[in-house]
Amino acid sequence: MTTLQRVPALGTHPTAGRNPGRAETRELLSRATYDLLVVGGGILGTSVAWHAAQSGLRVAMVDAGDFAGATSSASSKLVHGGLRYLQTGAVKLVAENHMERRVLARDVAPHLVNPLTFHLPVYRGGPVGAAKLGAGVFAYSALSAFGDGVGRVISPARAAAANPALRTENLKAVAVYYDHQMNDSRMAVMTVRAAVEAGAVVLNHAEVTGLRFTHGRVTGAELKDRLDGTEFGVDARLVLNATGPWVDHLRRMEDKGAAPSIRLSKGAHIVLKRKAPWRAAMATPIDKYRITFALPWEDQLLLGTTDEEYTGDPADVRATGADISQILDEAAHSVRDEHLSRDLITYAFAGLRVLPGGPGGVEKAKRETVVTEGSGGMLSVAGGKWTTYRHIGRTVMAKLAKLPGGPLNEDMEPLDRLPRRVPLPGVANPNAVAHRLLVDREPGQRLDPLTARHLATHYGALSFDIARLANEDPALGERIHPDGPEIWAQVVYARDHEWAQTADDVLRRRTTLTVRGLDTADVRERVESLLAGRRD
């Protein structure tokens, strides 16, 4: 058996099809004039870059950190219709969300989006009664054309049989409904890859330090590579500000007097080791507006989320001790105490929801996308949610097509002529991929079944590229940590094909090692050693 002591020397052999290095990418960005420069590589910016590149525009996208390194990788990991929106009468919105959910799950990313059954417990004295919830989940499933099943109410005994962690004291009934789940970081990097395959040029860890102006119009940006300090610039006919919580910061670069356009709400989550099987997620009403989730995710238990106004520096957002206590206390409404021990916590994280400015508490604010144009012609887009990220990209594209002076490029393909269900890279049936990974092996080599399943549901058909790396160097087929499914080939693949530049890029977003609590000092050191093999 190959030992982990070999790992620091791994990944030095040539790999075909690598992404361009950072120096080459900076040169590409500096020497051309792009139709569109997208600043911000979260879900909104990436979706626009993907759709714009498909339409024939020359697209560049930069991010001051990693792609989806902030809010877009700090979600509740759900692709959902939005059950709580029904109580506000947003029937059309829920139906639209369901449509996007089904398209993602069936056509665009069936290898990344997984069905998830939800139990919604009804307790005596709770904020919502069983009859109302039963009607609600039935209507919810009807708006999805009953494509995943019929929402209904089941007995406490039946719910407890499916989920031993369910607290049954004072439990009257349990409503059942259906949604989907994903790994948001993996969805993001696959969408970046799709944008690049469509022609976009992208660079992470590249901070905008100023905007370029021509006759008062924004025509590009000055940037600094945050990894080596190199300064460079990008010229563009239009700049799109998709920086999420930093959207007003960039707007003030365009116009020092720009008034605030957004407000922020912090959502914190915690991840715990799972002590029992969870055959269903739990969504428990806390009050009239809020639901707390307990979700089986990545072989762990994900709890959250909070919803409170945030006025600090977006770079400083984190899950505090108070957040963790609140999440555990709220989860205890429906989860038995032995599953909520602080000793089980492996990770805690927080992100910022970008909400339209306005009166009232953030918990009542609409989760809508706002597109505005500044005095220098820069477009800013803020808000939205993962489920509808493709729709948001199309919305911005419709705005681009109607700009004064005509389209950004005379060859720009009209929005209605673009294919609406382009799959993300690696699209495949995960079960078929996992089976092939196990049977299509070289004599004498064996891939762990847990690793095969993990690769299939996080990379789809691209898993075979990772398997080839392990075939070429068997040490790359070793697990990174004995308690997790990931193998060292994923680190090399993340470095060469997925723009991973730092240990956090790999451990937190390209793999699940951090959320599992497995990013030990030894693991981090070896990851950094592998990453150093591709620095330029």
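Quick caveat: nothing in here was measured; it's all calculated off a predicted structure.
Comment: D448 engages R479 in a salt bridge, judged by a side-chain N to carboxylate O separation of less than 4.0 angstrom. For the pair K399 and E373, the salt-bridge criterion is not met [side-chain N within less than 4.0 Å of a carboxylate O]. Salt-bridge formation is not detected for the pair R263/E309: no Lys NZ or Arg NE/NH1/NH2 atom is positioned less than 4.0 Å from an Asp or Glu carboxylate oxygen. Taking 4.0 Å as the cut-off between side-chain N and carboxylate O, E100 and K385 do not count as a salt-bridged pair. The existence of a salt bridge linking D337 and R167 is confirmed by a sub-4.0 Å separation between a basic side-chain nitrogen and an acidic carboxylate oxygen. Salt-bridge annotation for R124 and E169: absent, with no side-chain N of the basic residue lying under 4.0 Å from a carboxylate O of the acidic one. Taking 4.0 Å as the cut-off between side-chain N and carboxylate O, R453 and E298 do not count as a salt-bridged pair. Looking at R508 and D66, no side-chain N of the basic residue comes within less than 4.0 Å of a carboxylate O on the acidic one, giving no salt bridge.
When all heavy atoms of P110 and V108 are compared, the pair lying nearest together is CD-C, 3.6 Å. Between V381 and V247 the shortest heavy-atom distance is O-CG2, 4.4 Å. Here the closest heavy-atom approach between residue W499 and residue R193 is recorded as CH2-CA, 3.7 Å. Considering every non-hydrogen atom in both P121 and Y123, the closest pair reads CB-CE1, 3.5 Å. Contact detail for V433 and A456: the closest heavy-atom pair is CG1-CB, 3.7 Å. Taking both residues in full, the closest heavy atoms of V94 and G82 are given as CG2-O, 3.6 Å, listed atom of the first, atom of the second, then distance.
Looking only at distances, a side-chain donor or acceptor of N183 sits under 3.5 Å from a matching main-chain atom of R186. Under the 3.5 Å distance criterion, the side-chain polar atoms of D519 are left unmatched by any main-chain donor or acceptor of L507. Using modelled atom types, no side-chain atom of D63 and backbone atom of A68 make a donor-acceptor pair closer than 3.5 Å. Under the 3.5 Å distance criterion, the side-chain polar atoms of D329 are left unmatched by any main-chain donor or acceptor of Q326.
Screening V189, L104, L112 against L424 for a side-chain contact (heavy atoms from CB on, under 4.5 Å) leaves a single residue, L112. For the salt bridge (charged side-chain N to carboxylate O under 4.0 Å, His left out) test with K266, the passing option among D323, D307, D316 is D323; the others fail.
In this structure, the ring of H80 has its center no less than 6.0 angstrom from the ring center of F118.
For the atom pair W50 CH2 and E197 CD, the distance stands at 10.5 Å (nearest 0.5 Å). Note: T305 OG1 to I270 CD1 = 10.5 Å, rounded to the nearest 0.5 Å.
Remark: the H98 side chain and the R101 side chain contain an N/O donor-acceptor pair separated by less than 3.5 Å. Between D248 and S261, the side chains place a donor N or O and an acceptor N or O closer than 3.5 Å (distance only, hydrogens not considered). Side-chain contact, Y389 with T191: a donor N or O sits under 3.5 Å from an acceptor N or O.
Counting non-hydrogen atoms of other residues, nucleotides and ligands closer than 6.0 Å to CZ of F138 gives a total of 12 or fewer.
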Ring pair (Phe, Tyr, Trp, His ring centres under 6.0 Å) for H269 and Y347? Distances and angles first, verdict last.
CA-CA 9 Å; H269 297 79; Y347 189 58; over 10 Å; no

What's the verdict on salt bridge (Lys or Arg N to Asp or Glu O under 4.0 Å) for R524 and D504, showing C-alpha distance, side-chain angles and the deciding distance?
CA-CA 9 Å; R524 184 170 288 266; D504 278 341; 3.1 Å; yes

Dump the intermediate steps for side chain to side chain contact (heavy atoms under 4.5 Å, CB included) on R516 and E486, then the final yes or no.
CA-CA 11 Å; R516 296 174 190 269; E486 279 101 351; 4.1 Å; yes

What verdict does the side chain to side chain contact (heavy atoms under 4.5 Å, CB included) test give for V39 and L250, after you've listed the backbone C-alpha separation in whole Å, the side-chain angles of each residue and the deciding distance to 0.1 Å?
CA-CA 9 Å; V39 182; L250 201 63; 3.9 Å; yes

